[in-house]
Amino acid sequence: MSHFALVGKPNSGKSSLFNLLTGLHQKIANYGGATLESKVGEFHGHEITDLPGIKSLHSVSLDERITKEMVLEYADSKSPILFVLNGMQLENNMLLFSEIADLQIPTIVVINFKDDLAKNRVVFERDKLAQALGCPVVMMNSRNGDGLEELKQLLDTESFKIPNAFCKSLYDEFQDGEILNSYKDSLVQARNDGAHVHENDFFKRQKIIGSIVRSIIEDPTQKRNFLEKSKRWDRFFLHPIYGILFFLFTMLLVFQAVFYFATIPMDWIDQAFASMSEWTNINITNEWVASIISDGILPGLGGVLIFVPQIAILFFLLGILEHSGYLSRISFISNRFLSKFGLSGQSVIPLMSSWACAIPAIMSARMIDDPKERMAVIFATPLMTCSARLPVYTILIAVMVPNATGGIFNIQGVLLLVLYLIGVIATLVTAWFISRRAAIPSSNLWSLELPVYRIPNWRNVLYNMYLKTKAFVIDAGKIIFIVAMVLWFLASYSPQSEAYIENEYQSLVEANPDKVISKDAVHLEYSFAGYLGKLIEPAIKPLGYDWKMGIALISSFAAREVFVGSLSTIYSVGSEEESLILTRLRNEVNADTGEARYNLATCVSLLLFYVFALQCMSTMAIVRRETGSWRVPIIQFVVMLIMAYVFAFIGYRLF
Amino acid sequence: MSQIELLEGERCIVIAIQGTKDFQNYLLVNGIALGSVLTKNFSPSFSKLINITVGGKMLSLREADFAQIDIVKI
């Protein structure tokens with residue numbers, strides 16, 4: 001299978017074109033040696049890779065440097081590329097094209113946003129441009145597919161051509177009649193010496209590009225008004241009062257929508273898994289098989305899938321903000337506030353993404369130019385409230401306070417908001433500390449491009465939502481599934497004989513004639529999990545937890561979302577139906593005090609523990625890959641565990 | 001000339017860039033070099049940022065960074 005890559009500047013419409021070409025035949029992939037997240041898809045038997053946008057082969061941010069490495073690999077293997085240019089920023093985009101053309105990679109050029117060109121009466125002489133560039137040029141609109149057929153024909157016939165060189169001759173030297181490709185060598189060398197552009201190179205390219213553009217555009221003055229509409233919108237969206245109010249209103253709307261719209265599908269998923277568990281217990285006669293399915297596999301899978309509606313809605317809404325151009329304005333608005341914590345507007349996207357999941361958020365920190373700020377974001381991001389914390393919060397809040405309203409507010413909703421705010425404050429304070437203390441040199445480089453406002457391309461928004469949600473389900477699902485299996489085994493088997501447990505059960509029944517003693521609970525107490533829970537009980541007792549909570553805590557160290565599933569297994573619920581778990585938790589009694597086990601103090605303590613603790617193996621693995629060693633994730637884990645313990649202890653004592 | 005003297009919608013030309021080599025390189029990558037023509041779009045006081053048009057795109061820079069670019073109004 002032949003393969004080619006899509007290359008272009010950010011906001012050139014590359015991803016829209018990729019979605020048009022591949023449809024749903026795409027997946028998010030990482031390249032070996034680096035966590036470069038690219039989409040890989042298939043088109044008519046060709047493999048297409050959508051590389052992250054890059055401003056120049058001399059760019060400094062990490063994701064752009066990795067894209068540069070990929071482009072150099074394409075140059076080595078002479079694999080073709082599809083270069084996507086934003087037609088409304090032709091001169092600007094051609095600067096990158098000229099650098100890639102000098103690598104002599106077979107290319108087809110796509111001039112995108114044909115509709116904007118027509119609207120602004122910018123007329124290209126396409127054939128003349130193709131002649132000047134030395135490779136085929138297609139005009140298209142990747143938002144509606146206009147021009148796609150012509151591109152498909154060129155791709156089917158593999159009409160890639162090596163473009164004319166721009167400045168290659170400035171670098172190439174001849175030795176013994178052979179060309180030494182020193183332009184490429186200079187780019188490779190630039191990795192080590194700070195990737196500085198030679199000004200002469202830049203001016204020469206500008207001059208050549210300027211003469212090409214002047215020769216192909218009938219009236220270059222026409223497009224000057226292109227940005228005017230966006231500037232007018234910005235008078236509102238970046239206004240010191242209306243702009244900030246609109247931003248706060250948007251955030252409120254996003255959170256309300258995530259909870260409001262997700263409730264019904266979450267209930268459906270919950271009920272579906274409860275029914276499947278019930279069906280399994282009734283219809284599967286083999287007790288062992290029925291147990292592993294209904295107590296292990298189904299609660300584990302349900303624990304992942306129940307988050308899908310919330311995550312999908314969050315990614316959908318973030319997609320709308322991104323594709324409309326508003327997300328960059330949020331970066332603009334928040335820049336000054338974040339600068340007080342050693343961050344900048346560039347951190348907003350990773351921080352907001354972490355409300356869905358810390359993993360893509362940490363990966364998106366690559367777009368941050370300053371290495372010190374990037375480290376601060378990577379370190380602090382796991383403290384933001386990710387969607388995996390939601391079920392833990394939801395159930396503990398429901399145990400702690402009744403579903404009542406205080407004025408116009410739902411008290412449970414207010415408590416949830418408070419927990420989110422604690423997460424944000426903890427993140428900012430940690431980021432401030434890291435940016436002050438980390439021994440990483442700061443590049444102190446910062447800029448932010450504001451794309452023009454557009455009506456979001458729904459196809460792109462939905463594809464993005466689908467791919468990211470799918471990636472979450474698969475990544476988190478693997479861990480949760482394994483943990484659920486291990487927990488099921490530990491909770492189902494015992495180092496003691498069945499006769500010994502039966503004996504203990506009978507003794508308890510005789511000693512407590514007034515109480516109903518659950519046989520399952522006695523089984524659990526003498527299971528491997530029970531012994532494990534009791535082993536850590538002295539350490540967690542100051543926080544108000546017993547050995548059963550200890551089991552749930554241990555099991556959720558790999559992934560915090562396992563906590564609810566573990567509780568449901570531990571308390572022998574057998575399904576994840578919230579009211580059943582709730583009833584069990586509310587009825588649990590502390591044997592020492594005779595009071596409710598899940599009282600206000602214990603719930604506050606547990607909530608604070610989950611606000612701070614880094615209980616996500618996937619996050620640790622991603623941090624290791626992004627920072628290149630286990631040092632940072634281990635420090636992160638220990639620091640957050642200490643914070644969790646201290647705040648949980650304080651919370652327990654205060655309430 | 002300082003950017004503060006530049007009003008919204010006014011154009012200027014870059015005549016010198018101060019700062020480190022890394023900073024100059026960073027601006028080059030973003031399309032700002034000697035001779036580049038910039039248009040000031042807006043600089044809301046709360047943000048301490050300045051937004052300019054350069055090479056057909058809207059780019060925001062910190063005011064302190066932009067102060068290192070010497071410009072002449074055109």
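Only a predicted model underlies this, so the values are computations on that prediction, with no experimental measurement involved. So that the names make sense, note that chain A is the first sequence line, chain B the second, and so on, each numbered from 1.
Of the atoms belonging to A/D234, it is side-chain heavy atoms, and not backbone ones, that fall under 4.5 Å from chain B. Within the 4.5 angstrom heavy-atom criterion, only side-chain atoms of B/F42, from C-beta onward, approach chain A. Within the 4.5 angstrom heavy-atom criterion, only side-chain atoms of B/T53, from C-beta onward, approach chain A. Only the side chain of A/I244 comes within contact range of chain B, with at least one heavy atom under 4.5 Å from a heavy atom of that chain. If you measure heavy-atom distances from B/Y26 to chain A, the contacts under 4.5 Å come from the side chain alone.
At least one cation-pi condition fails for A/R235 and A/Y242: the charged atom is not both under 6.0 angstrom from the six-membered ring centre and inside a 45 degree cone around its axis.
Using a 4.5 Å heavy-atom threshold, the side chains of A/L117 and A/F113 count as separate. Residues A/E373 and A/Q346 meet the side-chain proximity criterion, which asks for heavy atoms closer than 4.5 Å.
A donor-acceptor contact closer than 3.5 angstrom links the side chains of A/K231 and B/N41.
Atom CZ of A/F249 is surrounded by 12 or fewer heavy atoms from other residues, nucleotides or ligands within 6.0 Å.
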